[in-house]
Amino acid sequence: MITHLQENFSRAIQELKQAGVIPNELPTEVKFDRPRQKSHGDMATNVALGLAKAAKRNPRDLAQLIIAALPPSDRVEKLEIAGPGFINVFLKPASQFEILKTIREQAQYYGNSDTGQGETVLIEFVSANPTGPLHVGHGRGAAYGDALARVMRRAGYSVQTEYYVNDAGRQMDILAVSVWLRYLELCGEKFEFPDNCYKGDYIWDIAATVHREQGDRYRHPAKDVLQEASSPDPEQSLDMLTGTLRSRLGTDGFERFLRTALNTLVDDIKSDLSEFRVEFDRWFSEQSLYDGKTVEQTIDKLRSADHIYKKDGALWFRASAFGDEKDRVVVRENGVPTYFASDIAYHHDKFTRGFHKLIDVWGADHHGYIVRVKGTLEALDHSPENFIVALVQFATLYRGGEKVSMSTRSGEFVTLRELRQEVGTDAARFFYAQRKSDQHLDFDLDLAKSRSNDNPVYYVQYAHARVSSVFRQAKERNIDTSGLDSANLDLLVEESEKELARVLSDFPETVAAAARKLEPHHIVYYLREVANRLHTYYNAHNVLGAVKDLRSARLCLLDATRQVVANGLDVLGVSAPEKM
RNA sequence: GCGCCUGUAGCUCAGUUGGAUAGAGUGUUGGCCUCCGAAGCCAAAGGUCACAGGUUCAAAUCCUGUCAGGCGCGCCA
């Protein structure tokens with residue numbers, strides 16, 4: 001409908017250009033929006049206001065000329081010039097319900113469009129270090145990233161999703177050491193567990209696995225071990241502990257602890273996300289960038305282009321040449337690459353795989369890192385504007401009106417799994433999706449798990465269940481619902497029917513806009529409106545009790561509504577129940 | 001100190017990238033089931049869009065400044 005109007009208005013403007021009324025260099029695109037007030041018609045445009053100055057005419061006169069130049073349309077009832085020069089369009093009733101047939105034809109594909117024109121996009125999200133279970137902060141990133149992928153796919157982008165597994169570097173060493181120390185405790189060694197090791201209970205579980213399979217094979221006197229690695233600097237002593245682990249157990253022993261921990265944790269994260277209805281196309285290993293020499297080659301490439309230099313024994317990237325505050329270390333004095341090094345290689349690799357656009361979903365606390373990475377991409381001759389970072393703020397949980405305190409360091413955080421178990425996947429995903437991702441989110445646990453009318457998740461799901469129920473009722477009453485395609489939609493004359501159909505016709509546009517802006521939260525607000533229109537209508541008018549032809553038309557409307565609600569919930573990864 | 005983000009109804013937040021009388025949920029008040037699902041609907045009340053300037057036919061939206069809050073400024077990730 002909108003495109004129909006846009007085409008007609010563009011033609012009118014073309015014509016006025018040829019007539020010399022409007023200068024040629026001005027755009028011919030016409031934007032329509034939905035007026036808040038019914039008296040302003042079904043659609044409205046401000047083109048005349050925008051072009052008036054350049055055309056040296058007053059807006060209302062120009063609007064008049066545009067209307068006069070408009071090709072005839074059988075869908076338009078009348079046109080009005082209003083206010084300072086808006087053109088309000090009133091549509092013929094019949095054309096407003098055409099959409100119902102389209103929806104029922106396209107079914108689960110209704111809302112899809114070719115806005116993205118097949119552009120290849122790689123969305124990387126969550127990517128939490130495999131050093132422990134996911135917490136509620138990661139949950140938000142997961143909900144956002146997945147909804148973004150879904151909405152962009154519907155909008156015609158060619159999307160792939162990826163989880164970057166940080167399975168290399170010092171964090172992994174610390175993980176292996178942590179498991180080994182817990183293992184020693186299981187063997188009966190007594191000592192004080194270091195503060196800077198991972199202390200979560202899951203470390204015990206992993207240690208127990210090794211102990212069960214290998215017995216005391218890797219046992220060494222704790223006293224000797226800790227003495228070997230004693231240093232006034234706890235961080236340094238941790239690194240020394242890594243050295244001890246390697247030298248005493250050999251590469252095989254070290255690998256056993258590391259692999260067991262890594263596999264256990266990655267598997268745990270995978271199943272956690274899967275139960276959260278988040279699936280990735282690929283799990284990308286950081287270590288593979290080292291094994292395949294990608295890190296080395298990428299750094300060499302930067303070095304040969306003089307973007308990297310040596311200072312104080314370390315290798316530095318000239319980030320300041322790309323707008324960063326200072327240059328950044330890529331390889332440490334001790335020869336160990338920083339996280340930044342593999343990140344450069346990773347993003348370079350993403351572009352060389354052929355993706356046109358990269359979207360990274362990061363925690364908002366990493367925003368200082370963006371300029372740096374963008375800089376390396378520019379240095380590697382990629383377009384930095386095709387690298388987009390979507391920042392996700394952390395969520396604060398509330399229970400009983402009180403903030404739930406969380407601290408990653410002490411291991412006292414609420415895990416995503418706990419959240420799912422407490423409120424359920426539907427509520428969790430819906431609540432996460434409700435807010436713009438770069439805004440703080442107050443997550444009210446009591447509200448999310450309440451099975452009451454306060455809960456916004458149920459409000460939308462209820463609309464779906466309610467319509468489903470009508471069709472169940474129809475079946476019980478032996479009402480034939482197979483011929484709805486030929487229903488006479490002219491019988492739909494109620495204002496609330498018109499409004500419901502109109503909202504339904506907005507869905508593709510809403511999806512496209514959400515995808516363009518990387519803001520899936522618009523779907524939540526849209527669904528609330530659809531649900532509200534449905535409930536309002538349903539409350540005021542009887543469907544199954546109406547006479548046959550009217551009943552068919554109304555069932556057609558309800559079925560289309562159900563479809564749109566289901567499609568919208570699908571974008572958010574929330575189920576559309578037939579019964580509640 | 002510098003950089004990024006935010007300030008909209010009592011509370012939690014939307015606001016289609018500059019449009020017409022700023023919206024929703026929740027809370028408060030009052031109505032609506034003899035009838036397809038009341039987990040619903042309707043109505044009322046609630047606002048100096050932080051503040052002050054500027055840009056123009058038009059500003060919650062854009063530019064400048066002030067105030068307030070959050071985050072970041074490692075050879076951590």
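Only this structure's heavy atoms are used, side chains among them; waters, hydrogens and symmetry mates stay out. Protein chains get the first letters and strands the later ones, always in sequence-line order, with residue 1 at the start of each.
Distance check on atom C1': B:C62 versus B:G37 gives 49 Å, rounded to whole Å. Annotation: B:G31 and B:C13 have their P atoms spaced 33 Å apart (nearest Å). Comparing the C1' positions of B:A20 and B:C35 gives an interatomic distance of 41 Å, to the nearest angstrom. The same atom, C1', is picked in B:G70 and in B:C32; the two are 45 Å apart, to the nearest Å. A gap of 26 Å separates the C1' atoms of B:G10 and B:A39, to the nearest Å. Spacing between B:C2 and B:G19 at atom C1', rounded to whole Å, works out to 38 Å. The separation of B:G30 from B:C36, taken at their C1' atoms, amounts to 28 Å, rounded to a whole angstrom. Comparing B:A52 with B:A9, their P atoms are spaced 16 Å from each other, to the whole Å.
Ion pairing between a basic and an acidic side chain is recognised when a charged N comes within 4.0 Å of a carboxylate O; A:Lys31 and A:Glu29 show no such pairing.
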Using the 3.5 Å cut-off, write out each protein N or O paired with an N or O of nucleotides 17-20 of chain B and the distance between them.
residue, atom, partner, partner atom, Å
B:U17, OP1, A:Lys31, NZ, 3.2
B:U17, OP2, A:Lys31, NZ, 3.4
B:G19, N7, A:Asn46, ND2, 2.5
B:A20, OP2, A:Arg36, NH2, 2.6
B:A20, O2', A:Gln37, NE2, 3.4
B:A20, N6, A:Asn88, OD1, 2.7
B:A20, N1, A:Asn88, OD1, 3.3
B:A20, N1, A:Asn88, ND2, 3.3

Could you write out each protein N or O paired with an N or O of nucleotides 5-7 of chain B at a distance under 3.5 Å?
none

Identify each atom pair where a protein N or O and an N or O of nucleotides 31-37 of chain B are less than 3.5 Å apart, giving names and distance.
residue, atom, partner, partner atom, Å
B:C36, N1, A:Tyr538, OH, 3.2
B:C36, O2, A:Asn542, OD1, 3.4
B:C36, O2, A:Val543, N, 3.4
B:C36, O2, A:Leu544, N, 2.7
B:C36, N3, A:Val543, N, 2.8
B:C36, N4, A:Tyr538, O, 2.9
B:C36, N4, A:His541, O, 2.4
B:G37, OP1, A:Ser469, OG, 2.8
B:G37, O2', A:Tyr462, OH, 2.6
B:G37, O2', A:Arg466, NE, 2.7
B:G37, N7, A:Ser469, OG, 2.8
B:G37, O6, A:Met580, N, 3.4

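The side chain of A:Tyr459 approaches B:G40 more closely than any other nucleotide in the set B:G40, B:C75, B:A77. Counting only heavy atoms from C-beta on, A:His521 has its side chain closest to B:A14 among B:U56, B:A14, B:A77. Nearest nucleotide to the side chain of A:Arg528, out of B:C75, B:C76, B:A24: B:A24.
Taking the nucleotide of RNA chain B with the nearest heavy atom to each of A:Glu509 and A:Asn166, the more 5' of the two is matched to A:Glu509. In this structure, A:Gly368 and A:Trp316 both approach RNA chain B, and ranking their closest nucleotides by distance from the 5' end singles out A:Gly368.
Note: A:Trp316 and A:Tyr309 have parallel aromatic rings, judged against thresholds of 30 and 60 degrees for the angle between ring planes.
With sequence neighbours excluded, the residues satisfying side-chain contact (heavy atoms from CB on, under 4.5 Å) with A:Phe394 are A:Asp365. By the ring pair (Phe, Tyr, Trp, His ring centres under 6.0 Å) test, A:Tyr290 pairs with no residue at all, sequence neighbours left out.
Using a 4.0 Å heavy-atom criterion, one finds that A:His366 contacts the bases of the nucleic acid, with or without backbone contacts as well. A:Tyr369 comes within 4.0 angstrom of a nucleotide base, judged by non-hydrogen atoms across all strands. At a threshold of 4.0 angstrom between heavy atoms, the contacts of A:Asn58 with the nucleic acid are absent.
One atom, OH of A:Tyr398, and another, C1' of B:C13, lie 14 Å apart when rounded to the nearest Å.
Counting atom types as modelled, A:His367 pairs a side-chain N or O with a base atom of B:G3 as donor and acceptor under 3.5 Å.
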**Item:** Secondary structure of RNA chain B in dot-bracket form (Watson-Crick or G-U wobble, distances below 3.5 Å, | marking inter-strand pairs)
**Value:** (((((((..((((.....[...)))).(((((.......))))).....(((((..]....))))))))))))....
